Engineer: 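Below is a structure I'd like to ask you about.
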2 protein chains.
Amino acid sequence: MIRLLLADDHLILLHGIRAILESDPELEVVGTASNGLEVLEALKSIEVDVLLLDLQMPEMDGLETIIHVKKSYPNIRILMLTTNDEGSIITTIFKNGATGYLLKNSSQEILIQGIKDAFAGKKVLSPHLTEKMINSLSDKPKSLPGLTPRITSRELDVLKLIAKQLTTQQIADELFVSTNTVATHKRNLFVKMDVTNSVGMIRKAMDWGLLDD
Amino acid sequence: MIRLLLADDHLILLHGIRAILESDPELEVVGTASNGLEVLEALKSIEVDVLLLDLQMPEMDGLETIIHVKKSYPNIRILMLTTNDEGSIITTIFKNGATGYLLKNSSQEILIQGIKDAFAGKKVLSPHLTEKMINSLSDKPKSLPGLTPRITSRELDVLKLIAKQLTTQQIADELFVSTNTVATHKRNLFVKMDVTNSVGMIRKAMDWGLLDD
DNA sequence: TTTTTCCTCACACAATTATGTGAGGCCGCT
DNA sequence: AGCGGCCTCACATAATTGTGTGAGGAAAAA
């Protein structure tokens, strides 16, 4: 038995979905909410396996709700349920821990199967949304490996420690070299990366994916 | 007639795919290459609509090739063709301008349809890869809107100019205030954002999406 | 072997940043 | 009228960063 919590500010839709879901013997709607705050409130007293969440809600919207729920209840599966096309937010949703993203006009079968998949830990995405998700990725052409200047491994060491807010002195200690050496590496990095200070360097480094570990 | 360029370092596979593709009257293989350099060489003399690209190749691999090709021939559609599971790179591929990503063991129909879709500008992704792509997104939980401290508009002004590598003096000039004022804003930002220097601040700012304009 | 690249370090100086403390004016809310 | 938040600025000082120049040694590449 999969325990569901439904969250949507349209009461009609809430009842409609509830009816659909309860037609399946494996599913049980243990509660409903009409905004994020109510969701958090409900979770305090009810055990929930899967949370069906509308993206746009008053008080606390879907994205914000995801973050809060995931923080307090990391093993609840969150399935976004939305009207359509808020394409650009899809990646954000997943980055913040959502398990799936389905359209409200999905067929009954897809909806139910989606919930079961989500419960099983599988990621769920409406087929029509795949392209949108890809598009929202393509927006930001990040990391141009071919055009990235050749950063040496030692320089990368220094770069990463700078990113951690260490001072030159601390970096020197960490790497067992003199501060002069560290300063030299920084100097060379500035030239290679065509920046004028550490801030610019860290920005490019992030864009280039140099700090992704 | 869609003109295709095939790139793969496995000659056998190259011929196999070629045979499959040429069975369709709308497709024409106008050239083949076994690494990225050969691709660039070929493009100099041949007009190509869609480029089928293997991800792993010697000399210049798929990703690097994408970047170079997109730079010089932005309207060529690039379809990645790969054995399987290099999941984490999927998003990178798309960010850099690929149009699609298909498995080599896709059926003949899917392959041909994929090429036609890509030619028409549609994004193409093997169904089995959707989940992997989502997973590679979930890795990095970025942007926590709810937890972001209240940055005032003036502070944001300062923050953005810092991100542009301006010095305190330059920022002061830009905003028509004294350097003391700018310094104060920075000081307050450090406390709010819980960082110890500008580098840390810019990192968080990027994570929080404060610099996305 | 010669050359190049990378890592190391020194010394010095100017420029900038970070920190601490205190304070006046303005605006919106109670 | 009073309070809190925001923006403004001053003064001072320590800490750190950025820049210029020069150089030795080891390892890899030509």
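Remember, it's a predicted structure, so these values are computed and weren't measured experimentally. Labels below follow one simple rule: chain letters A, B, ... track the order of the sequence lines, proteins then strands, and each chain is numbered from 1.
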Engineer: Spell out yes or no: do the side chain of B:Ser153 and the base of D:dC6 have one donor N/O and one acceptor N/O closer than 3.5 Å?
Structural biologist: no
Engineer: Round to the nearest Å and state the distance from A:Glu155 atom CD to C:dC7 atom P.
Structural biologist: 6 Å
Engineer: How close do A:Leu79 and A:Ala118 get, heavy atom to heavy atom, and via which atoms?
Structural biologist: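 Smallest interatomic distance, heavy atoms only, reads CD1-CB, 4.1 Å.
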Engineer: Atom CD1 of B:Ile162 to atom P of C:dT17: distance rounded to whole Å?
Structural biologist: 8 Å
Engineer: A:Asn188 near the nucleic acid: base, sugar-phosphate alone, or nothing, with a heavy-atom cut-off under 4.0 Å?
Structural biologist: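 Contact class for A:Asn188: none.
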Engineer: Please answer whether the main-chain N or O of B:Ser34 pairs with a side-chain N or O of B:Glu38 as donor and acceptor at a distance below 3.5 Å.
Structural biologist: yes
Engineer: Check the phosphate of D:dA10 against B:Ser178, side-chain N and O only, distance under 4.0 Å to OP1 or OP2. Yes or no?
Structural biologist: yes
Engineer: Is A:Asp49 reaching over with its side chain to a backbone N or O of A:Arg3, donor-acceptor style, under 3.5 angstrom?
Structural biologist: yes
Engineer: Touch check for B:Thr179, heavy atoms < 4.0 angstrom, all strands: base, sugar-phosphate only, or nothing?
Structural biologist: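 The answer is nothing, as B:Thr179 stays clear of every strand by at least 4.0 Å.
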Engineer: How long is the line joining CG of A:Leu161 and C1' of D:dT17, in whole Å?
Structural biologist: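 The answer, rounded to whole Å, is 16 Å.
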Engineer: Distance check needed: C:dT16 P versus B:Ile171 CD1, whole Å only.
Structural biologist: 12 Å
Engineer: The side chain of B:Phe190 lies closest to which of these nucleotides: D:dA10, C:dT19, C:dC7?
Structural biologist: C:dT19
Engineer: Kindly point out which of C:dC6, C:dA18, D:dT17 is positioned nearest to the side chain of B:Lys186?
Structural biologist: C:dA18
Engineer: Report yes if at least one side-chain N or O of B:Thr168 is closer than 4.0 Å to OP1 or OP2 of C:dT17; otherwise report no.
Structural biologist: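 It does, given that an N or O in the side chain of B:Thr168 lies less than 4.0 Å from OP1 or OP2 of C:dT17.
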Engineer: Provide, to the nearest angstrom, the distance between the CD atom belonging to B:Glu174 and the C1' atom belonging to D:dT8.
Structural biologist: 18 Å
Engineer: Whole angstrom is fine here: how far is it from NZ in A:Lys192 over to P in C:dT5?
Structural biologist: 10 Å
Engineer: If you pin B:Val199 and B:Thr184 to their nearest nucleotides in DNA chain C, which one's is more 5'?
Structural biologist: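 Its nearest nucleotide lies further toward 5', so the answer is B:Val199.
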Engineer: Does the side chain of A:His185 get closer than 4.0 angstrom to OP1 or OP2 of C:dC9 through an N or O atom?
Structural biologist: no
Engineer: Does the side chain of A:Arg203 come within less than 4.5 Å of A:Val195's, by heavy atoms?
Structural biologist: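 Not in contact.
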Engineer: Could you check which of C:dC9, D:dT16, D:dC7 has an atom nearest any side-chain atom of B:Arg154?
Structural biologist: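 Per side-chain heavy atoms of B:Arg154, the pick is D:dC7.
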Engineer: Which comes earlier along DNA chain D counting from the 5' end, the contact point of B:Arg187 or that of A:Ala183, where each point is its nearest nucleotide?
Structural biologist: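 Nearest nucleotide further toward 5': that of B:Arg187.
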Engineer: As a test of understanding, state which of B:Asp8, B:Ile66, B:Leu81 forms a side-chain contact (heavy atoms from CB on, under 4.5 Å) with B:Leu53.
Structural biologist: B:Ile66
Engineer: To the nearest angstrom, how far is B:Gln165 atom CD from C:dT16 atom P?
Structural biologist: 14 Å
Engineer: Expressed as a whole number of angstroms, how long is the span from A:Leu189:CG to C:dC6:C1'?
Structural biologist: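 Computing the A:Leu189:CG to C:dC6:C1' distance gives 13 Å.
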Engineer: Find which nucleotide of DNA chain D each of B:Leu175 and A:Ser198 is nearest to by heavy atoms, and output the residue with the more 5' nucleotide.
Structural biologist: B:Leu175
Engineer: Under 4.0 angstrom, heavy atoms only, what part of the nucleic acid is B:Thr181 near: base, sugar-phosphate, or nothing?
Structural biologist: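 Base: the residue B:Thr181, judged by heavy atoms under 4.0 Å, touches a nucleobase.
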Engineer: Check B:Lys204 with B:Asp207, please: is the shortest side-chain N to carboxylate O separation under 4.0 Å?
Structural biologist: no
